[in-house]
Amino acid sequence: MSTSSNTMRRTPPGILLIRRIRGKDWSLKSYRYIILLLTFIAYASYHAPRKPSSIVKSVLYPESLKSSDPPWPVGNVFIKQEFPGLGANSVDNEGWYPFNGTDGTSKLGEIDVAFLACYSSGMYVAGHLGDTLDLRLFLTAGMIGSGIFVGLFGMGYFWNIHVFWFYLSMQMVAGLFQATGWPSVVAVIGNWLGKRKRGLIMGIWNAHTSVGNISGSLLAAAVLDYGWGWSFIVPGALIASAGVLVYLFLAAYPEDVGFSGANASSAEEEDQIRKGPVVNENSSNHKEGSGSRKGIGLSEACFIPGVIPFALCLFFSKLVAYTFLYWLPFYLSQTEIGGEYMSVKSAGNLSTLFDVGGIVGGVMAGYISDKLNARATTAATFMLAAIPSMVLYRIYGNISCTINILLMMIAGLFVNGPYALITTAVSADLGTHRSLRGDSRALATVTAIIDGTGSVGAALGPLITGFLSTKGWDTVFMMLTAGALIASLLLSQLVIAEFSERTRKPLPSSHRQQTQEGNMTAISSHHLFVTCLTYAFWLQLQDRNLF
């Protein structure tokens, strides 16, 4: 057995302290609530430092200036673009070199892609490490490291640095540290939760992504008047502080606090909920048990049924979602809405409502997939519904703020719903797939493959948008609708398989080949139907002179 597999894990010091104070331990149910809360806080803090770059874009780029109004919710939420006098810590009308030239949007896109490229490539390594190292210490190191380098990016304002490579390198290193987050928190949740109602629970829990985006946007906008550097330093301090909290209180495995794993039988689980943890003189055996299973390799994880289709689907799903994440505030500040232009701060505040819709979408997708027992069907349906929602947002979103908010939330619901479902419940399901026979840890590895592939799309989306936005936003939305369509088509085979499982009766062996041929015909018909439907929809858009 490998050395890493034998690594002894210790009970978190914060839990030991609380045990001494209380004189007794928590039940399994209480621990699950604590784990859900801690991982929620942890990943919300991972997402908060990703938002400042989208808020600050219009300050660094010379076409928009910040407002001198008090931060939301003290001041007005949505206000007209104004050109106030410059304060002591303000960026002047020329923006911030090197982002204030004619290639400013391209450079900002390169900054985004540098972060996301390192994030996606680091994800594959981080996933394997998460299955072999102590997740608590791994998460702590990733969170503190991420906070430091996000803060250093903001220090470029106070140090008056105008070298593009400084900002690029800070984002790249921050991306590597950020890669530790998602595989680790999904693995922790998978270790503690069984499969019953996993979609609904993880759909609610996945609201941390939107909460982190909203918190990051509001924090960045609130301190923007004191200098754009603070918009990075404050979220960086937030994630570093959350890292300390994880170190003190996160028990990554049930065995580390005396319980057996989450995949125990229902009877054993109920017994543990009633009796509490099993603690005896040889308690170290429980800690060894949490590391006794070996982590599988990337190639082995790729052969788990469903991993590759969902990974490719997430590639295009995150391409769409992260384009909104990084460019929506900029789009709002550059688009006339109700006859007026918004300030940078107001655009940042308004963009958070996309994530509010995403929270609802994540919960809905998880609940529906649990009820139907059909993850692929739910994800594909949401992605198809995202296409008309984005087109309607582009066509009618500039009529008024009210209509913009409504359509933005609907778009957020359908765009973020499948993204949330695939990165949580689907990853956890596949990471504990029956083909593993319970003798290997694959949660973090499978999550890394799926989300790492998705993050490649997340990197490409903002980068391509940086170039396409110079040709007009209609071109950007055309790219987004195409991405959503491809994402849904990639799940066609799994959708048909789910439908067949629910409807067909067991067939004699002589009919199996016929059935497989029928499935392939059905897949081709499905592709043809969706393609024709999309083409007809596209002709309608051309008639409206949208594209």
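Here the structure is a predicted model, which is why all the values come from computation and not from measurement.
A distance of 6.0 Å or more separates the ring centres of W205 and F40. Taking the six-membered ring for Trp and the full ring otherwise, the centers of W96 and F99 sit at least 6.0 Å from each other. A distance below 6.0 Å separates the ring centres of F158 and W230.
We find the SG-CZ distance between C118 and F177 to be 11.5 Å, quoted to the nearest 0.5 Å. Here OG1 of T180 is found 3.0 Å from OH of Y46. Values are rounded to the nearest 0.5 Å. To the nearest 0.5 Å, the span separating CG on L139 from OG on S146 amounts to 11.5 Å. In this structure, the separation between CG on L353 and CD1 on I405 is 5.5 Å, given to the nearest 0.5 Å. Rounding to the nearest 0.5 Å gives a distance of 9.5 Å between CD of Q178 and CE of M143. One finds the NE2 atom of H208 at 6.5 Å from the OG1 atom of T39 (value rounded to the nearest 0.5 Å).
Aromatic ring orientation, W327 versus F330: perpendicular (interplanar angle above 60°, classes split at 30° and 60°).
Of the possible donor and acceptor atoms, one in the side chain of R136 sits under 3.5 Å from a partner among the backbone N and O of Y247. Between the side chain of H162 and the backbone N or O of P98, no donor-acceptor pair lies under 3.5 Å. Judged by distance alone, the side chain of S455 and the main-chain N or O of S120 form no donor-acceptor pair under 3.5 Å. Without hydrogens or angle criteria, Y167 side chain to I161 main chain gives a donor-acceptor distance under 3.5 Å. A distance-only check finds a donor-acceptor pair linking the side chain of S217 to the backbone of N213 [under 3.5 Å]. The backbone N or O of M202 sits nowhere less than 3.5 Å from a side-chain atom of N206 that would complete a donor-acceptor pair. Of the possible donor and acceptor atoms, none in the side chain of S215 sits under 3.5 Å from a partner among the backbone N and O of G212. Using a distance-only test at 3.5 Å, with no hydrogens or angles considered, no donor-acceptor pair links the side chain of S488 to the main chain of M383.
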*Show your reasoning for whether side-chain contact (heavy atoms from CB on, under 4.5 Å) applies to S333 and K57.*
CA-CA 10 Å; S333 67; K57 271 186 174 72; over 6 Å; no
*Test side-chain contact (heavy atoms from CB on, under 4.5 Å) on Y393 and M408 and set out the steps.*
CA-CA 6 Å; Y393 178 67; M408 184 194 302; 3.5 Å; yes
*What's the verdict on side-chain hydrogen bond (donor to acceptor under 3.5 Å, both in side chains) for T453 and Y124, showing C-alpha distance, side-chain angles and the deciding distance?*
CA-CA 9 Å; T453 304; Y124 296 102; 2.9 Å; yes
*Could you walk me through whether L135 and Y253 pass the side-chain contact (heavy atoms from CB on, under 4.5 Å) test, one step at a time?*
CA-CA 9 Å; L135 285 170; Y253 304 87; 3.6 Å; yes
*Using the side-chain contact (heavy atoms from CB on, under 4.5 Å) rule, take V320 and M390 through it: C-alpha gap first, then chi angles, then the decisive distance, then the call.*
CA-CA 10 Å; V320 177; M390 289 188 291; 3.7 Å; yes
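Annotation: side chain of P254 is in contact with side chain of W192 (closest heavy-atom distance under 4.5 Å). Counting only heavy atoms from C-beta outward, the side chains of F382 and L421 never approach each other to under 4.5 Å. For the pair E336 and N398, the minimum side-chain heavy-atom distance is 4.5 Å or more. Counting heavy atoms from C-beta outward, I410 and L392 have side chains that stay 4.5 Å or more apart. Looking only at side-chain heavy atoms (C-beta outward), F477 and V391 stay at 4.5 Å or farther from each other. Counting only heavy atoms from C-beta outward, the side chains of F354 and L325 never approach each other to under 4.5 Å. Side-chain atoms of L36 and I201, non-hydrogen and from C-beta on, do get closer than 4.5 Å to each other. No side-chain heavy atom of V173 sits less than 4.5 Å from a side-chain heavy atom of F115.
Between I239 and P49, the shortest heavy-atom contact is CG2-CG, 4.1 Å. Across every non-hydrogen atom of A487 and S317, the tightest pair is CB-N, 4.1 Å. When all heavy atoms of A179 and A126 are compared, the pair lying nearest together is O-CB, 3.5 Å. Contact detail for N191 and A252: the closest heavy-atom pair is ND2-O, 3.3 Å. Nearest heavy atom pair, residue G397 against residue N404, reads O-ND2, 2.8 Å. Here the closest non-hydrogen pair linking A221 and N349 is CB-OD1, 4.0 Å.
Within a 6.0 Å sphere centred on CZ of F164, heavy atoms belonging to other residues, nucleotides or ligands number more than 12. More than 12 heavy-atom neighbours from other residues, nucleotides or ligands sit within 6.0 angstrom of CZ on F166.
For the 3.5 Å distance criterion, the side chains of R394 and Y331 qualify, holding a donor opposite an acceptor. Side-chain contact, S343 with S346: a donor N or O sits under 3.5 Å from an acceptor N or O.
By the 4.0 Å N-to-carboxylate-O rule, K318 lies close enough to D451 to be salt-bridged with it. The pair D112-R50 fails the salt-bridge criterion, with no side-chain N (NZ, NE, NH1 or NH2) lying under 4.0 Å from an Asp/Glu carboxylate O.
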